[in-house]
Number of protein chains: 2
Amino acid sequence: MSEKHQLTLKDIAKELGLAVSTVSRALKSHPDISEETIKLVKDYAEKHHYVPNLLAVNFRKSKTFNIGLIIPELVHQFFSSIISGVLSESNAHGYNVMICQSNEHVEDEKKVAKALLNSRVDGVIISLSNETTEVAHLEEFLAAEIPVVQVDKIIETFDTPKVIVNDFSGAHQAVTELIKKGYHKVAHIRGRLNVQHSNERFRGYAEALKEHGKDYPDSYVKICKDLTKEEGYEFAKSLMESKNPPDAIFCVTDLVALGVMQYLKQHHIHVPDEVGVIGFSNWQLGEIISPTLSTVHQPGFELGEKATSLLIEKINNGLASPNEQVVLDADLIVRESVRS
Amino acid sequence: MSEKHQLTLKDIAKELGLAVSTVSRALKSHPDISEETIKLVKDYAEKHHYVPNLLAVNFRKSKTFNIGLIIPELVHQFFSSIISGVLSESNAHGYNVMICQSNEHVEDEKKVAKALLNSRVDGVIISLSNETTEVAHLEEFLAAEIPVVQVDKIIETFDTPKVIVNDFSGAHQAVTELIKKGYHKVAHIRGRLNVQHSNERFRGYAEALKEHGKDYPDSYVKICKDLTKEEGYEFAKSLMESKNPPDAIFCVTDLVALGVMQYLKQHHIHVPDEVGVIGFSNWQLGEIISPTLSTVHQPGFELGEKATSLLIEKINNGLASPNEQVVLDADLIVRESVRS
DNA sequence: GTGAAAGCGCTAACAA
DNA sequence: TTGTTAGCGCTTTCAC
């Protein structure tokens, strides 16, 4: 049974004494075609393992059923989760996903965008690189009537559907939890001033305190540059050695929180009794360390799912359809690093 | 400048008073075509942003320049690295990658295999799910003359190119290092008996000891079922509380090693002075904990790269070409958990 | 209810 | 050196 020649509609038509068009319609159960013919054709196709040549179908319909996904870095739990969500949703709708990495470089981003444009994907989902400040390379997609959806790392002014995480609410939940659990002096180790995520988290922190009639001295807010464990350690040291040490520290990301925890442990300051700690991002490490780390979970999978469903809608309804912006809530995960 | 109608060869031909075939060949700088014509056509194409319709080209050549990648789980550092390698190598050769997850379920694996078969990828790279014991669903690719390459999780008897990691050598390096650093009584917490990786690592352990004239009592080899931190903790406990406690523990994976380290720390057994610890896999956590964990790095990226280059070779040379098996070395990474 | 035929955009064998 | 033509496999309009 040599598979040399893939079975085509023509083959089936000839074999069954029908016209190609009849066979084509029969396989789709077109109402014009009689029950018998449909059955005849379908049985034959089944029996001989007919597989439609998608290359031809795509060409004919000028549609690939491929969507392109551009992300900064694959080897990163958050982005892996996003991809996972994209795959799940797109496969459910018969789309395949072509994944490309920008490696956080705008040049790479341009290169892969070009490649996706050439391979005629039906739509594109992108999470921008840190370097990206303008989107001419992405506007080419729109010019070619290929819809684009932005996810997580977005440019506000680029008019496409967007899916982002509510950093404000995540931070707000975290700090509210600390206050509820009886911590009175909450410090915050935050990220850079020019990063939107950091600013939103800081806003959540400040707002939650305010709502509970609390304030924070300037010395309670530390600014991380690189979000490392070492920075966490150093800032914990400076906070705890100050005249007015906090009894809780909310950190912009888990790795920083880990540094904080290491400082506290080394200096025999008990977590969570003496000091409560909450991180952000829900990295795997939080479950592994001891005590386990409370954190704010960013719904990567759902982000990917939602972006994909928006994209598919856009593919079906055309570029002119309205550009929704979806904000997904981050969820607080309470673990041992906070009093129960 | 409405982009409504994509420019085609026909358009260019009509505009320039040439035949479609001439234009086609000119764009490829075919030797038959005169310099002038080539220049004329190329300039026109350039000026009017001609983009070849890949859908048509692919159809014509019945080639997609897509390769399929099936992996168990995206959200896993090791697999992310593999993917990264696949992307890098395939993009360098003009291929796009369609990624699918099996979620470690053979049913999902079959489903995505079907989808890839339908979308007429030019080749497939697969890392098998844990549940997969037979490969009928993959043989369909070969039947359709679509080459397959297996990576990491393979089935020996399925005759395709294969790329795997040398677990034996990784374990051997680790245990040799322990011995060299003056540890005399090396225990091993291993994985299940029916898992090839575990067996190879155990073999490396036993062989390294033997080469240095050392032996191990049966009580020094513990078998993990689920490779958890908790198992590591328990086995460390049972080893250290025994009459003849080891002075080094080589663990089948980093998470188990973490459990071991936690036990040792809690019982004030100094690492690395009193007991040396080495893990396997080079998870991120190893750099984060204190003391940092020595481990064996599995070259995921290189695995992906190599698998891809083998696949592309196979795509170009046909299924009949020989099926190479490549074994990549794992590298020992020495950190603080071993005496220096 | 079924068939004939055109055509999607491109390539390549053959002709001129 | 260039043009003509057929055809890849499928969908779809129009005719019977």
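These figures come from a predicted structure and were not determined experimentally. The sequence lines fix the lettering, A, B, ..., with proteins before strands; numbering per chain opens at 1.
Between A:Glu131 and A:Lys110 there is no salt bridge, since no side-chain N of the basic residue sits under 4.0 Å from a carboxylate O of the acidic one.
If you take CG of A:Leu27 and C1' of D:dT11, they are 12 Å apart, rounded to a whole angstrom. The CG atom of A:Asp32 sits 12 Å away from the C1' atom of D:dT12 (whole-angstrom rounding). Between the C1' atom of D:dG3 and the NZ atom of B:Lys14 lies a distance of 17 Å, rounded to the nearest Å. With rounding to whole Å, B:Asn58 atom CG is found 15 Å from D:dG9 atom P.
Every residue two or more places apart in sequence or in another chain that forms a side chain to side chain contact (heavy atoms under 4.5 Å, CB included) with A:Val112 is listed here: A:Ile70, A:Cys100.
Between B:Ile38 and A:Leu54, the residue anchored nearer the 5' end of DNA chain D, judged by the nucleotide with its closest heavy atom, is B:Ile38.
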A correct 5'-to-3' footprint of nucleotides 10-16 of chain C, with B, S and - meaning base, sugar-phosphate only and no protein heavy atom under 4.0 Å, is BBB----

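Atom-to-atom distance recorded for A:Ile125:CD1 and A:Ser90:OG is 7.0 Å, nearest 0.5 angstrom.
When all heavy atoms are compared, the tightest approach of B:Tyr95 to B:Asn316 is OH-OD1, 4.2 Å.
Between A:Tyr44 and A:His48, the ring-plane angle classifies as parallel under the 30° and 60° cut-offs.
Here A:Ser62 lies out of heavy-atom contact (under 4.0 Å) with every strand. The residue A:Leu55 sits apart from the nucleic acid: no heavy atom pair falls under 4.0 Å.
Side-chain contact between A:Leu117 and B:Val51 is absent, with no heavy-atom pair separated by less than 4.5 Å.
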